[in-house]
Amino acid sequence: MEDAQSDVDVPPDAPYRILLSGRYLRMLLLSLVFGVLIALACFFFVGLQHWLQHEVWTNLPRAVGYREAPWWWPLPALALAGLLLAPIVSRAPGGGGHLPVNGLGGAPIGPRELPGVVLAALMTLPLGVVLGPEAPLMAVGSGLALLAVRRVKGASDPQTAALVATAGSTAAISTILGGPVVAALLVVEAAGLAGARLVVLLLPCLTASAAGAVVFTGFGAWTGLSIGGLGLPTVPPVANPDAGDFLWGVPLAALIAGAVALTRRLGRVTGRWTGGGHTAVRTVGCAVAVGGCLTAYALITGRSPEEAALSGQATLGHLAADPGAWSVAALLALVVCKGLAWSISLGSLRGGPIFPALLLGAAAALACSGLPGLGTTPALALGICAAATAVMGLPLCSAVLTVLLLGEDAYDQMPLIVLTAVVAHLTVLLVNRTADARAAAG
């Protein structure tokens with residue numbers, strides 16, 4: 001009798017009532033199914049993107065008689081990207097997706113806007129746009145989830161649709177961001193939830209992303225196709241951080257985070273300009289300007305413009321495997337030229353903002369690794385973590401992502417990584433507050 005009375009006294013929104021309800025359990029099952037289907041769609045999306053990228057930057061230059069892409073290659077490639085993107089951003093539903101400078105947030109992309117997002121990504125990212133695939137992937141995940149949930153009886157109410165769309169986005173981005181753990185942490189920090197509300201949101205996201213990760217990995221091994229998930233196959237030899245790494249690391253983390261924050265604010269200026277009228281023409285102009293930045297890198301360094309183009313996934317792996325292959329001057333040129341190209345891309349083109357920032361942070365830190373007392377491995381760790389924190393605004397997620405990227409070498413670097421995330425986050429808050437105060441005063 002007491003048990004019955006206590007059960008009556010439990011509020012209807014108690015956690016166990018929600019989590020064990022038939023409606024919620026059906027949603028978990030939907031998340032599992034959606035995770036599998038979305039992973040398959042994302043697999044072919046990323047595989048096609050990487051195939052096109054290889055054709056544009058490797059096979060096509062060889063077909064016309066070059067060993068690698070010549071210095072002028074980004075100019076026609078990015079001009080073509082601008083011409084292809086201009087009608088999408090000005091006429092297609094949804095404008096080809098969210099503006100990258102606004103991050104990965106915003107309302108979920110619906111089925112009506114999804115074709116424009118896919119076309120914008122597949123037609124422009126392989127041509128050298130300095131953005132990553134993470135935002136289009138999240139759009140694919142949410143769009144497919146919303147399309148499917150409309151056909152499931154009893155699952156079309158707004159609350160269920162929003163939750164399934166979030167799970168779909170999480171499943172999609174987990175395929176390239178190191179797996180379900182990073183994706184789940186991204187959802188936790190971005191949503192700012194706690195307690196029962198956190199569990200209600202997190203379980204469908206974990207279910208979908210875990211199922212998607214299994215399918216993505218297994219299907220990749222079966223087909224042999226390259227999908228280019230974010231990873232560092234080789235990193236510098238392990239080295240325990242000492243006092244010098246922390247003495248140099250803290251100010252360097254603040255410097256990198258501040259530079260990324262200011263570069264992103266420059267992207268906001270570009271975004272206001274492109275959205276202020278004549279959007280199609282200004283989009284083409286910005287794409288050509290990006291091509292000019294990549295060409296400048298090739299002319300300054302004598303290296304391939306491909307290193308500064310694209311999302312930076314491949315270049316980050318090469319940089320981590322052999323930092324000595326880049327001179328300090330080449331690393332600084334990469335930071336300046338790619339950073340400027342990234343800021344322009346953020347405010348005008350379509351894609352994800354995270355991957356190029358990771359390369360910029362790593363390159364800036366490794367350029368300083370010759371400072372007395374600063375090791376190569378600690379520099380790589382703090383550079384990636386500081387840039388990730390600055391661009392995502394999620395210190396915990398950024399620290400975990402850095403740890404997963406470094407693999408076995410991350411264990412000894414964890415104190416430095418955590419401190420870097422804290423310093424970088426506070427630096428970005430200070431930079432943004434100062435800039436906003438000056439803008440208000442002006």
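- Taking the side chain as every heavy atom from C-beta outward, Leu131 and Leu125 approach each other to under 4.5 Å.
- Atom CH2 in Trp273 sits 9.5 Å away from atom CD1 in Ile344 (nearest 0.5 Å).
- For the pair Thr263 (side chain) and Ala259 (backbone), a donor-acceptor distance under 3.5 Å is present.
- Note: Thr420 OG1 to Ile256 CD1 = 8.5 Å, rounded to the nearest 0.5 Å.
- Side-chain contact between Leu366 and Leu380 is present, with heavy atoms from C-beta onward closer than 4.5 Å.
- The backbone N or O of Gly277 lies less than 3.5 Å from a partner atom in the side chain of Arg282, making a donor-acceptor pair.
- In this structure, the side chain of Lys338 does not engage the main chain of Cys293 through any donor-acceptor pair within 3.5 Å.
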Assess the residue pair Val130 and Leu346 against the criterion (side chain to side chain contact (heavy atoms under 4.5 Å, CB included)); give the C-alpha distance rounded to whole Å, side-chain angles, the decisive distance to 0.1 Å, and a yes or no.
CA-CA 8 Å; Val130 185; Leu346 284 174; over 6 Å; no

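- Considering only heavy atoms from C-beta on, Phe45 comes within 4.5 Å of Leu122 through its side chain.
- Note that the OG atom of Ser142 and the CD1 atom of Ile38 stand 8.0 Å from one another [nearest 0.5 Å].
- Two residues are said to be in side-chain contact when any heavy atoms from C-beta on lie closer than 4.5 Å; Pro61 and Trp73 meet this criterion.
- Considering all non-hydrogen atoms of both residues, Asp245 and Gly375 come closest at OD1-N, 2.8 Å.
- Nearest approach of Leu359 to Gly312, heavy atoms of both residues: CD2-CA, 3.8 Å.
- Proximity of Pro133 to Gln313: side-chain heavy atoms (C-beta onward) are separated by under 4.5 Å at one or more points.
- Of all heavy-atom pairs between Ile417 and Ala381, the closest is CG1-CB, 4.0 Å.
- Here the straight-line distance linking atom CG of Leu294 with atom CD of Glu306 works out to 11.0 Å at 0.5 Å rounding.
- For Arg303, the salt bridge (charged side-chain N to carboxylate O under 4.0 Å, His left out) test picks out Glu307, with sequence neighbours left out.
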Test side chain to side chain contact (heavy atoms under 4.5 Å, CB included) on Leu127 and Leu84 and set out the steps.
CA-CA 11 Å; Leu127 293 172; Leu84 293 173; 4.1 Å; yes

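- For Leu430, the side-chain contact (heavy atoms from CB on, under 4.5 Å) partners at least two apart in sequence or on another chain are Arg433, Thr434.
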Is there a side chain to side chain contact (heavy atoms under 4.5 Å, CB included) between Val269 and Arg272 once you walk through the steps?
CA-CA 5 Å; Val269 175; Arg272 289 193 293 270; 3.4 Å; yes

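- Under the side-chain contact (heavy atoms from CB on, under 4.5 Å) test applied with Met123, the options Ile88, Leu80, Val129, Val118 reduce to a single match, Ile88.
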Report the C-alpha distance between His50 and His54 in whole Å, list the side-chain angles of each, state the deciding distance to 0.1 Å, and finish with yes or no for side chain to side chain contact (heavy atoms under 4.5 Å, CB included).
CA-CA 6 Å; His50 276 262; His54 186 73; over 6 Å; no

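- A donor-acceptor contact shorter than 3.5 Å links the side chain of Trp57 to the backbone of Pro126.
- Between Met392 and Pro353, every side-chain heavy-atom pair lies at or beyond the 4.5 Å cut-off.
- Interatomic distance, Trp342 CH2 to Leu360 CG, rounded to the nearest 0.5 Å: 6.5 Å.
- The nearest pair of heavy atoms linking Ala69 to Pro305 is O-CD, 3.4 Å.
- A salt bridge (Lys or Arg N to Asp or Glu O under 4.0 Å) check over residues 49-68, counting only residues at least two apart or in different chains, returns nothing.
- Distance check: Leu406 CG to Cys385 SG gives 9.5 Å after rounding to the nearest 0.5 Å.
- What you find for Arg350 and Gly95 is that their closest heavy atoms are NE-O, 3.0 Å.
- For the side-chain contact (heavy atoms from CB on, under 4.5 Å) with Val250, the qualifying choice from Leu382, Leu255, Leu419 is Leu419, the only one to do so.
- Put simply, the side chain of Leu340 does not reach to within 4.5 Å of the side chain of Tyr297, judged on heavy atoms.
- When side chains are defined from C-beta on, Val428 does not count as touching Thr389, because their heavy atoms never get closer than 4.5 Å.
- Considering every non-hydrogen atom in both Cys286 and Thr270, the closest pair reads SG-CG2, 3.9 Å.
- Side chain of Arg268 to backbone of Gly347: no donor-acceptor contact under 3.5 angstrom is found.
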